[in-house]
Structure formats: C-alpha cells, structure tokens
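Below is one structure, written out as structure tokens; comments come after it.
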There are 2 protein chains.
Amino acid sequence: MSITIKDVAKFANVAPSTVSRVIADNPRISEKTKKRVREAMKELGYHPNFIARSLARQSTKVIGLVMPGSADIIFQNPFFSNVLRGLSESAHEKNYALQMTTGKTEDEIFEGVVQMVQGRRVDGLVLLNSHVDDKIMEYLRKQNVPFVVIGKPFKYVEEITHVDNDNFQATREVTEYLLQLNHDRIAFIGGSLDLVVTIERLLGYEKALQLAGIELNNQYVIHEEFLREGGREAVSELLKLSDPPTALVVADDLMALGVLNMLAELNVSVPEDISIVSFNNVLIAEMGNPPLTSVDINIFSLGYEAAKNLILHINNTQEPIKRVIVPHKLIIRSSCMKNIENDLVSLE
Amino acid sequence: MSITIKDVAKFANVAPSTVSRVIADNPRISEKTKKRVREAMKELGYHPNFIARSLARQSTKVIGLVMPGSADIIFQNPFFSNVLRGLSESAHEKNYALQMTTGKTEDEIFEGVVQMVQGRRVDGLVLLNSHVDDKIMEYLRKQNVPFVVIGKPFKYVEEITHVDNDNFQATREVTEYLLQLNHDRIAFIGGSLDLVVTIERLLGYEKALQLAGIELNNQYVIHEEFLREGGREAVSELLKLSDPPTALVVADDLMALGVLNMLAELNVSVPEDISIVSFNNVLIAEMGNPPLTSVDINIFSLGYEAAKNLILHINNTQEPIKRVIVPHKLIIRSSCMKNIENDLVSLE
DNA sequence: TTGTATGCGTTATCAT
DNA sequence: ATGATAACGCATACAA
C-alpha cells in the first residue's frame with residue numbers, strides 16, 4: 001500500500017533496522033548513512049506508521065480524555081472548551097495525541113474507558129471532572145494505568161495525581177469579599193453535590209460565615225445543576241423568603257448568567273438590589289449585564305498542567321507529583337456593591 | 001504483559017485463529033467451541049488489543065477531528081462543544097473513537113493532520129470548519145482520504161462531502177423578518193471573511209435587501225472576529241454614522257452578546273432603539289438581556305450527520321452523499337421589535 | 001557501525 | 001469446523 005521502512009531501506013541500500021535507527025536518531029549510526037537514509041525518506045515520501053510503532057513499542061503516544069456524558073448539559077459549559085485548549089497545547093508540545101471518550105450515559109462512558117485501557121489505545125488518561133465515588137477512578141487505580149484528575153479526588157487524595165484549584169480557599173475569599181461589602185445575608189447556589197468541586201466550595205462558604213460569626217441558614221444554600229434551568233428555580237425560591245439574601249455566591253458563570261436573566265425579568269437590579277459573585281471567569285462572564293465579578297480559576301492551566309503531569313507520569317521521569325494547585329484570582333467587575341441597608345443600620 | 005489471544009487459545013485448547021474467529025463471530029465455528037472460548041475469555045479477563053487489530057486490519061476505527069487552532073478565540077465558541085456532542089454521539093453508535101488535532105497555529109494543525117493521515121492513525125476525518133482556500137481540504141483530496149466538512153467547501157462543492165445549513169437562505173429569511181418589522185436601515189456584522197459561512201450569510205443578507213429594493217450601504221457591513229472585542233468595535237463604528245441602523249444581523253450569538261453588552265454601556269435599548277437577530281442559538285442566546293432572537297442551526301445535527309456520513313463513506317456502503325443540509329429555524333425571543341420611526345413616516 | 005532475526009497481538013490465507 | 005502460518009510495519013536484542 002504505502003511506503004514502508006523496507007522500501008526506504010532498499011532505496012538507501014541499508015537494512016530496515018538501520019532505517020528504524022535513523023528515525024530514532026540513534027547515535028550509533030554514522031552521519032553519512034543517516035543523511036543517505038533521510039534523503040531516501042524524503043525522496044519516497046516516507047511517513048512512519050504510528051500503529052505499527054505503537055504495537056512494537058507498546059506505547060501509543062495517545063492520551064485518553066474522559067469527558068462528561070454528551071447528554072449531560074455540563075458538556076456545553078465553556079469550561080470544557082477551555083480545559084481542552086490547555087490539554088491540547090500541552091499534549092502538542094510533547095507530541096501526544098488526544099482521544100476522547102464518547103457516550104451519553106455514565107455506563108457508556110465507563111465502557112469506553114475500559115475499551116481505551118484494555119484495548120491499549122492510550123498510554124494514560126485525564127479525567128475532566130471529579131465525582132463523588134467515581135467508578136472510573138476506582139477502575140483506573142486497580143488497573144494501575146497512569147491518570148490525572150482535574151479537580152479533587154473524593155477518595156485517595158494523597159495517592160491520586162490531580163490538578164485543582166484551592167476551591168475551599170477561593171470560596172472563603174469571595175464570601176469574605178461580600179462580607180466586607182457589609183452583606184450578611186449571603187446565599188450559595190452550587191451545582192450537583194455529586195461533584196467534589198461543589199462540596200469544596202460549599203465548605204469554603206460555610207467556613208467564611210462561621211468565622212464571621214454568622215449563623216448558617218439552610219434556606220440560603222441551594223443545589224441545582226450548573227446551568228440555566230437550575231439557576232432560574234434557585235433564584236425564585238430565594239426571593240420568596242421572608243428575609244431574602246442581599247448577595248449570592250454562584251458556583252458557575254453560566255449559572256450566574258441564568259440568574260441575571262431571571263432577576264432582570266423580576267425587575268431586581270444587580271448590583272443595586274442584590275450582589276453576585278461567580279466562578280470560572282469564562283469569556284461570557286464579562287458579557288453579562290452587568291459584567292460579572294468572577295473568580296478566575298485559570299482553566300487553561302488546569303488542562304495544561306494535567307496533560308503535562310500525566311506525560312511526566314507516563315514516562316516516570318520522576319516520582320509523580322500528587323497535587324498541583326493552580327492559583328485563582330478574583331476579577332472584580334460590576335455585579336457587586338456595598339450593602340447600603342446594613343450601612344444605615346450601623347450608622348444608627 | 002496482559003492476556004492475549006494466545007493465552008485464551010491455550011486455556012480453551014484451540015488455536016489462536018479459532019479465538020480470532022470467535023471474536024468476529026464467524027459462522028463457521030461451532031456453537032460449542034464458541035461457548036468454550038467465550039468462557040475462557042471471561043475467565044482470563046481477555047480484552048482485544050485494538051492496536052494489533054488495527055495493524056492487521058489496516059483500519060483503526062478512529063475518526064480524526066480537525067479543530068480550529070487552540071490559540072484561536074473561535075475555539076472558545078460554544079458552537080464547538082455542541083458540534084462535538086453530535087460527533088460524539090454518532091461515532092459512539094458506530095463504535096468509532098474520536099481523536100483531535102492539537103496545535104495553535106494553522107501550520108501546526110496542518111502538520112498534525114499529515115501525521116494523522118500518513119501515520120495511519122485514523123480512517124477518516126471531519127473538518128469542523130471551512131476556510132477559503134483551505135490547505136487541509138486540498139491535501140486530503142490529493143491523499144484520497146475519506147473526509148467530511150462541516151460547512152460549505154469553498155472549492156469543489158460538488159465533489160466534497162459536506163454537512164451544512166443553507167446559510168444563504170437563512171440569512172435572507174432573517175433579513176426579511178427585519179424588513180417586515182419595518183426596518184430599512186439594517187446592518188450586517190459578520191465574522192472573518194476567511195470563513196465560507198461568513199460569505200454565505202453576507203450574500204443572503206444582500207439578496208434580501210436587493211429584492212426589497214434597498215440600496216446596499218457599505219458602511220452597514222462590518223467584518224470582525226466572531227467574538228467580543230470585534231463586537232464592541234463594530235458597534236461603536238456603526239453608531240457613529242449619521243444615519244445609524246435600526247437593526248442588526250449578527251453572525252454569531254457570542255458576538256451578539258458582546259454587542260448587547262456595549263449597547264447597554266451606551267444606554268442604547270434593545271429592542272426599543274435597535275433590533276438584533278443573531279445566529280446559532282447556543283444556550284447563552286436565551287441568557288442575553290434581552291434574550292436573543294436567533295437562528296437555530298441545529299449544531300448537534302451538524303456534528304451527528306458529519307460523523308454518520310463519514311462512517312458511511314469509510315465503509316463505502318454506498319456512493320457517498322455529497323451534501324447534507326441541516327434545517328434551520330428562527331427562534332423569536334425579545335431582541336427585535338417593530339420600527340416605530342418608519343411607522344410614523346408611513347402614517348403621515 | 002550495521003545487519004539478521006524475532007516479537008508485538010491480530011487477522012487472514014491456506015491447508016486439513 | 002479447525003489448525004498452521006504468514007502477513008501488518010516497526011523496534012530491538014543479538015550478531016558480526
């Protein structure tokens with residue numbers, strides 16, 4: 001069919017093994033023959049067959065990506081495009097390819113991971129999010145396959161290599177930011193409690209309130225999906241309270257946009273009537289009306305570091321680092337302001 | 001290392017070739033031995049090695065995806081997440097895996113495509129967008145590799161299999177929609193003219209105006225990148241005109257959000273002062289303030305059909321269909337209203 | 001420094 | 001209906 005190593009060998013009057021060594025730039029081959037072989041390769045338009053190489057080397061130079069289910073609305077979150085950018089750039093630098101799992105349901109995805117691993121299609125995997133009691137993580141641990149998690153593993157935190165933000169600390173900080181603006185009725189709208197990130201952020205929120213001596217109000221804590229429908233319901237429930245919050249900590253920009261949308265319909269002004277701070281700082285955060293104050297969690301780096309550390313792990317050039325913390329930064333825009341109500345109270 | 005076909009063969013007291021036939025469910029193997037072999041596979045925990053199979057079969061069951069450059073801001077458009085969903089679901093149904101190109105620049109991506117193709121890593125490719133004078137399309141045609149383009153090829157439209165909307169017609173329709181609302185000063189804000197979709201939409205816009213007997217105003221046609229910064233500049237330029245438009249056709253939701261954002265800053269009300277209609281109808285379209293009237297181009301189907309037709313093409317079960325048109329639909333929300341100014345004029 | 005031979009795990013072509 | 005055996009294209013241990 002196409003040009004193989006043997007064709008090049010014949011053309012250059014050497015053995016196939018010599019051609020192979022030239023490809024690997026083996027120092028034991030003389031510069032003369034290297035040059036001759038390389039010319040032959042150019043001449044014939046030779047390109048190495050990755051499949052054959054993978055079989056012989058027992059390594060594919062492919063990284064498997066475990067995506068959320070395609071039916072999952074989370075799949076549409078710009079978070080994933082951004083994390084993909086980071087993974088892509090890092091993988092490209094090290095000449096690794098990226099292969100995605102496909103599948104709608106959790107079971108389909110799990111089966112896909114098994115195929116990838118047992119079928120020896122990939123050298124390692126990156127899990128794009130971390131669930132509570134993650135079946136896939138459990139499996140990969142048992143199989144002893146190199147893998148890296150984006151987010152914090154629910155179990156075996158000390159053993160599983162992961163790239164994460166300090167979400168506990170970040171949420172503490174934003175909550176304290178709102179406290180400094182004189183808010184004391186602060187609600188938390190988080191995503192599914194099945195995601196570890198939600199738990200971490202909730203804990204950070206609670207810690208800040210606790211340190212400020214504010215009693216936790218269960219009605220102020222709402223868990224909905226990270227996306228639009230969730231946002232709408234969450235808001236309507238909160239506003240119905242006798243003592244509605246004056247500030248919201250929302251765990252995701254997209255969800256925060258949904259909240260903004262609903263507040264606009266209800267003629268509630270942001271930030272005049274209610275302040276909002278959200279997370280992720282994706283492109284659309286600054287396109288909200290008003291532009292959202294959001295925690296930049298450096299999504300690109302999350303992806304970049306994940307692929308980078310996975311590759312280090314695969315080639316075990318070193319004892320793998322178990323935890324990489326990517327820094328975050330509060331980006332202040334126009335969705336928060338001082339709580340005047342409390343100001344008046346304190347002036348009395 | 002791991003369990004191979006030979007181990008199963010020994011365990012079941014048959015030849016490796018027999019095991020292979022059982023895997024393929026070859027009818028010439030007796031049910032008895034099939035059962036015995038399958039039990040042996042379960043027992044030993046056998047999983048076929050895809051790499052070895054690929055080498056022997058000369059087919060990988062992998063589809064290559066040609067993404068925009070990761071440095072490209074277009075990469076962040078929710079369009080791609082959605083198209084990925086469609087591709088993923090379709091590929092999964094046919095047991096194909098998805099592999100992405102990586103790379104920042106056009107050249108890096110091209111090199112990646114060559115690696116994929118010559119390295120025999122993939123059985124075919126899907127191009128996620130269509131550029132004017134697309135180098136990659138040219139290359140794939142010459143290599144005679146199965147591929148499908150999402151969007152309209154700039155050249156060889158009759159020969160290259162592609163999945164597209166009727167963007168010309170769709171843009172005609174939305175422009176006529178605005179005309180019916182009594183707008184006659186309608187501007188067009190499109191993306192890069194390097195993308196075929198931009199050209200198609202521009203032509204549709206022009207056609208509608210022409211049929212309505214409205215003279216084209218060059219100052220009303222602006223091309224900027226599909227994203228935010230572009231949107232801002234475009235708007236400011238338009239509003240500076242002595243006779244500013246009362247309606248905008250914006251070629252992308254994300255860009256339209258940027259436009260909304262800027263208009264809000266300038267205290268220009270939508271739709272009272274200016275009407276906006278945009279394209280794609282991604283999730284965030286309904287989260288604009290006001291929610292955007294947008295053309296739903298059925299992005300999921302674009303991806304789904306692309307993978308489906310590529311796979312048909314690969315297995316050439318039939319003479320490949322050259323063109324698949326995915327239907328579009330105008331989703332009316334709250335960003336457009338009747339042009340009162342012209343109403344008054346006509347009432348005089 | 002280079003060549004020979006074998007293996008990587010399958011599939012497929014002959015045989016039997 | 002099943003078993004040997006030769007590809008598939010490359011890497012590598014062992015020779016020379």
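Since we're looking at a predicted model, the values are computed, not measured. Residue numbers begin at 1 in each chain, while the letters A, B, ... track the order of the sequences.
- When heavy atoms are screened at a 4.0 angstrom cut-off, A:Asn26 is found touching no nucleic acid atom at all.
- A straight line from CZ of B:Arg36 to C1' of D:dT2 spans 11 Å, rounded to a whole angstrom.
- With respect to B:Arg38 and B:Asp25, a salt bridge is recorded, a charged nitrogen being found less than 4.0 Å from a carboxylate O.
- Distance B:Tyr46 OH to C:dG9 P: 10 Å, rounded to the nearest Å.
- Using a 4.0 Å heavy-atom criterion, one finds that B:Pro48 contacts the sugar-phosphate atoms exclusively.
- Of the side-chain N and O atoms in B:Gln58, none sit less than 4.0 angstrom from OP1 or OP2 of C:dT11.
- Residue contacts for A:Val19: at a heavy-atom cut-off of 4.0 Å it reaches no nucleic acid atom on any strand shown.
- For A:Arg57, no side-chain nitrogen or oxygen approaches OP1 or OP2 of D:dC10 to under 4.0 Å.
- Side-chain atoms of B:Ala15 lie closest to D:dG3 of the nucleotides C:dT10, D:dG9, D:dG3.
- A donor-acceptor contact under 3.5 Å links the side chain of B:Arg21 to the base of C:dT13.
- What separates CD1 of B:Ile5 from P of D:dT5 is a distance of 17 Å, to the nearest Å.
- Listed pair B:Ser54 / C:dT10 fails the phosphate criterion, with no side-chain N or O lying under 4.0 Å from OP1 or OP2.
- Taking atom CG of residue A:Leu55 and atom C1' of nucleotide C:dG7, one finds them 9 Å apart after rounding to whole Å.
- Put simply, CG on A:Asn13 is 9 Å from P on C:dG3, counting in whole angstrom units.
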Let's go through A:Asp107 and A:Lys135 carefully: what are the C-alpha distance in whole Å and the side-chain angles of both, what is the deciding distance for salt bridge (charged side-chain N to carboxylate O under 4.0 Å, His left out) to 0.1 Å, and is it a yes or a no? CA-CA 10 Å; A:Asp107 283 348; A:Lys135 204 175 152 193; 3.6 Å; yes

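- Between A:Asn165 and A:Ile325, the closest side-chain pair of non-hydrogen atoms is not below 4.5 Å.
- Residue A:Thr18 has a polar side-chain atom (N or O) positioned under 4.0 Å from OP1 or OP2 of C:dG3.
- Salt-bridge annotation for B:Glu158 and B:Lys322: absent, with no side-chain N of the basic residue lying under 4.0 Å from a carboxylate O of the acidic one.
- The closest side-chain heavy-atom distance from B:Ile321 to B:Asn309 is below 4.5 Å.
- Contact annotation: A:Arg28 does not reach the phosphate of C:dT1 (side-chain N/O to OP1 or OP2, under 4.0 Å).
- A salt bridge links B:Arg141 with B:Glu159; the closest basic N to acidic carboxylate O contact falls under 4.0 Å.
- The interatomic distance linking B:Lys6 (NZ) with C:dT11 (P) rounds to 13 Å, in whole Å.
- When each of C:dG3, C:dT11, D:dG9 is scored by its nearest atom to the side-chain atoms of A:Asn49, the top-ranked nucleotide is D:dG9.
- One can place NZ of B:Lys34 at 10 Å from P of D:dA1, the figure rounded to the nearest angstrom.
- Judged by atom type and distance alone, B:Ser30 does not reach the base of D:dA1 through any side-chain donor-acceptor pair under 3.5 Å.
- Between A:Asp25 atom CG and D:dA11 atom P there is a gap of 13 Å when expressed in whole angstrom units.
- Summary of the strand contacts: B:Thr33 and B:Ala56 both lie near DNA chain D, and taking for each the nucleotide with the nearest heavy atom, the more 5' one is attributed to B:Thr33.
- Judged by distance alone with a 3.5 Å cut-off, no donor-acceptor contact links the side chain of A:Ser20 to the base of D:dT12.
- Residue A:Ser17 is classed as a base contact, given a heavy-atom separation below 4.0 Å to a base.
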